[in-house]
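Just so it is clear, the values below take in all heavy atoms, side chains as well, and ignore hydrogens, waters and symmetry mates. Treat the numbers as computed from the prediction; the structure is a model and nothing was measured.
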Amino acid sequence: MDKFMKRAVELSTNNVKDGGQPFGAVLVKDGAIVAEGVNEIHIKHDVSAHAELVAIRKAQEKLQTDDLSGYVMYASGEPCPMCFTAMYYVGIKKAYYCASVKETADNGLNASAVLYEDFKHATENRKTVEMIHMPLEEGLEDPMKMWLEKDEVKKG
């Protein structure tokens with residue numbers, strides 16, 4: 001196990017000792033730690049305060065960027081769908097993890113396993129959250145159309 005994963009696991013075990021869940025994350029670029037995070041749900045009372053997201057938020061604030069391409073995430077647990085999505089959106093293309101989704105589920109932390117399984121189904125057949133499509137009402141301004149008309153989008 002390399003030093004970055006050891007650090008993620010160390011953050012994770014310290015978080016358990018401090019009353020939190022067993023998740024720690026380290027964000028690395030060019031062989032150096034840029035940001036670290038632990039699951040802070042028990043502190044912030046914010047369901048999105050997962051270790052990976054905390055590390056991403058810290059890096060983005062520190063670097064004042066929305067693009068973390070070329071960064072690598074080391075996580076003590078396999079990222080949940082929310083963290084996986086955040087890594088994708090910010091440009092992180094590689095992540096290492098220690099405990100698998102199955103291992104975390106076997107230890108009573110099964111939300112990721114349930115969600116990953118549910119995502120295999122069509123939207124209308126999902127079990128975790130009932131999703132109901134409501135098309136844009138005629139006569140309302142269309143935010144997607146506005147987006148396409150923005151100068152930045154046309155150039156990009």
Between Lys6 and Asp2, does any NZ, NE, NH1 or NH2 come within less than 4.0 Å of an OD or OE carboxylate oxygen?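 Here Asp2 does not pair with Lys6 in a salt bridge, since their nearest N and O are not under 4.0 Å apart.
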A side-chain contact here means heavy atoms from C-beta on lying under 4.5 Å apart; do [X] and [Y] qualify?
X	Y	answer
Thr128	Leu115	yes
Ser48	Met82	yes
Asp18	Val38	no
Ile41	Lys44	no

From [X] [atom1] over to [Y] [atom2], what is the distance, rounded to the nearest 0.5 angstrom?
X	Y	atom1	atom2	answer
Thr104	Tyr97	OG1	OH	10.5 Å
Lys145	Glu149	NZ	CD	6.5 Å
Met5	Cys98	CE	SG	5.5 Å

Nonpolar side-chain network containing [X], other nodes, edges under 4.5 Å:
X	result
Leu140	Leu136
Leu109	Phe23
Tyr88	Tyr89

Scan residues 30-41 for pairs that pass side-chain hydrogen bond (donor to acceptor under 3.5 Å, both in side chains), counting only residues two or more places apart or in two chains.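 For residues 30-41: Arg7-Glu36, Gln21-Asn39.
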If you group Ile, Leu, Val, Met, Phe, Trp and Tyr by side-chain heavy-atom gaps below 4.5 Å, do [X] and [Y] land in one group?
X	Y	result
Tyr71	Val28	no
Val54	Leu11	no
Ile92	Leu63	yes
Val9	Phe4	yes

Are Ser69 and Lys93 close enough, and set up right, to give a side-chain contact (heavy atoms from CB on, under 4.5 Å), and what steps lead you there? CA-CA 7 Å; Ser69 299; Lys93 301 280 189 228; 5.9 Å; no
Atom of [X], atom of [Y] and distance for their closest heavy-atom approach:
X	Y	answer
Pro143	Glu141	CD-O, 3.2 Å
Ala55	Ala35	O-CB, 3.3 Å
Cys83	His50	SG-CB, 3.4 Å

Exactly one of Thr65, Asp66, Val72 should register a side-chain contact (heavy atoms from CB on, under 4.5 Å) with Leu68. Which one does?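 Passing option: Thr65.
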Of Met73, Glu52, Lys58, Met87, which is the lone residue that meets side-chain contact (heavy atoms from CB on, under 4.5 Å) with Leu27?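 The passing option is Met73.
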Among all residues two or more places apart in sequence or in another chain, which pass the side-chain hydrogen bond (donor to acceptor under 3.5 Å, both in side chains) test with Asn110?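 side-chain hydrogen bond (donor to acceptor under 3.5 Å, both in side chains) list for Asn110, sorted by chain: empty.
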N/O donor-acceptor pair under 3.5 Å between [X] side chain and [Y] backbone:
X	Y	result
Ser76	Gly24	yes
Lys62	Val34	yes
Arg126	Met131	no
Asp142	Met144	yes
Gln64	Glu61	yes
Ser12	Ala8	no

Sequence neighbours excluded, which residues qualify as ring pair (Phe, Tyr, Trp, His ring centres under 6.0 Å) partners of Tyr116?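 Expected list: none.
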